[in-house]
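Contents: one structure, followed by commentary.
A, B, ... follow the sequence lines: proteins, then strands. Residue 1 opens every chain.
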Amino acid sequence: MNALRSGVVKTVSLDRERDIASARYAVSKVCDELGARALRKVRFVTAVSEVARNCVDHGGGGWLDIEILRKPTRIGVRCIDEGAGIPNIEEAMRDGFTTAGSMGKGLGGARRLVDIFEISNRPSGGLEVRLVSAL
Amino acid sequence: MTRTSLETVLAILREEFDELLSAWLETQKAEGVRRPDLFSDRESRRQLGELLRGLGDGIDAADDQRTLNLEAEPWAGLRAALEEVTHERVERGVSPSEMATFVLALKQPVFARLRQKLEAAPDKLIEEITEFSRLLDAVAMHTNEHFIAERDQIIERQRTEMMELSTPVVQLWDRVLTIPLIGTLDSVRAQEVMENLLNSIVEESAEVVIVDITGVRVVDTQVAQHLLRTAAAVRLMGAEAIISGISPKIAQTMVELGVDVGEVTTRPTIRAALSDAFRKVGFSIERRGDADRG
Amino acid sequence: MAEAASVYLVERVLLVAIRDNITDTEIMNLQEELSDRIVAEGARGVVIDIAALEIVDTFVGRVLAQLSSMARLLAAETYVVGMRPAVAMTLVELGMDLSGSKTALSLSHALRRLRRDGLA
């Protein structure tokens, strides 16, 4: 039961395409447990789906931490991949940017769906994306 | 080292409970935060009594005064009492500074008693006054935080209620809905309008919705974007949106702003939109032969 | 495949109900199966029911759009039906309006329109 917990409550590994669905399911469940409104939940889980797909398709896989933040209660996700990172993050965030044949609404779209969107290249390589939304 | 350096304060809280309670009430009265208009004497005494008890229990049980943490277990009783008091005062419209003064009014009567009891031990007196002051400041702070959180909740609730009032979705006919927009349309409101409308589409199995902007003061690029997004979402649901109430002036502004409505149907009046909507759901309006043609 | 979506032929219309939390591969396979069946059955209409989908992200949105374009090339009209309000709002926010597909409230609404247009 996550209703009273805070901090990281679950980690989902993102190695294969099927893991994207698992990540959506896990985040959706935490949203339900926290009593999120339908629209809030759908927006957040959709953003998670975009970020998780980016991790699997372009980041060579990685993992995703689901965390609960308090005062006020919010949900957060940190997605980390072990790929090469993105040389020009601003450019990648623009709508229509595409690398591997996707239509590129993914990351830019995800940013519009959440309250806080942070993206950075990790010093040790790979990309880190953090999403936070109120419920 | 005793568990608490506030043993004299604790003794006062326990032994002079009733006197202290009365003195606290008096100070509140003097400070003008007693609010007899809102709370009866009996109610106030009961609430203050709970607070004093919570305070005493906390001081007694907290093992280290230096790491003063009101979120910790020993303070649960005090927190509960504070939350009740705050809740009721927020509901009745008390201000945040009144709320803080309400708590801090306890200092004076406690200090007066401490001075009496510790006349012969000035160092101890200063220590207890400092410590108790610190504790009560923390309590006031906690009260304030809780007060603000409570008030935010009330504001949010009122906003939601107003939103529901200001964006009513009205059924005009089977499968035909309208939402008359009035005033300004910012992003938050636009989203709520959209949510309201889409949920109504599901509930009423609506096929046509008329978004009437006759009462919208200004249509700038952003408002136009909101309207077009609403129309797009309505279409995704499988219904059709008609935007009505486009005055010649609004039409001119929209062209000047370069707004392209694309496939979205627009009509100058709700009347024109309604006749369109009827046609789309398979009805027609005709004048009866015997009607008064006056 | 069978678990990802169920496909039935009614009149000359392929009815497709997509299950929730479908994976990328499953929906790509569905796209392939559907194009084969449109030709094999001579279907003139395709109705895709997404009422079970809690989430439609840009990937699924794009596949739905592609499905419609592909069906049109094979002379079948596609309706996407049953989209939830929160999904519709999110898709609009993502800039995906599925402008190439037709939409209807439900399966029966879509069938009525297909009949009206002589496609069912």
Original post:
Around B:Glu73, counting heavy atoms of other residues, nucleotides and ligands shown, do more than 12 lie under 6.0 Å from its CD?
Top reply: no

Subject >> Nearest heavy-atom neighbours spanning B:Leu236 and C:Met96 >> reply: CD1-O, 4.0 Å

Subject >> Heavy-atom pair of closest approach, residues C:Arg112 and B:Glu207 >> reply: NH2-OE2, 3.3 Å

**OP:** Taking all non-hydrogen atoms of both residues into account, name the closest pair between C:Ala88 and B:Leu198 and its distance.
**Re:** CB-CD1, 4.0 Å

Subject >> Atom CD of B:Glu43 with >12 non-hydrogen neighbours under 6.0 angstrom >> reply: yes

Subject >> chain B contact via C:Thr90 - which portion, at a heavy-atom distance below 4.5 Å >> reply: neither

Subject >> Neighbour count above 12 (heavy atom, 6.0 Å) for B:Glu91 CD >> reply: yes

**OP:** Would you mind reporting whether B:Val202 and C:Arg84 have side-chain heavy atoms less than 4.5 Å apart?
**Re:** no

Subject >> Interface moiety of B:Glu195 toward chain C, non-hydrogen atoms closer than 4.5 Å >> reply: both

**OP:** Report the distance from atom CG of C:Leu91 to atom CZ of B:Arg229, rounding to the nearest 0.5 Å.
**Re:** 12.0 Å

**OP:** State, with a plain yes or no, whether a side-chain heavy atom of B:Met237 is found less than 4.5 Å away from one of C:Pro85.
**Re:** yes

Original post:
Do the non-hydrogen side-chain atoms of B:Ser205 and C:Leu105 ever get within less than 4.5 Å of each other?
Top reply: yes

Subject >> Closest contact, heavy atoms only, B:Gln191 versus C:Glu93 >> reply: NE2-OE1, 4.4 Å

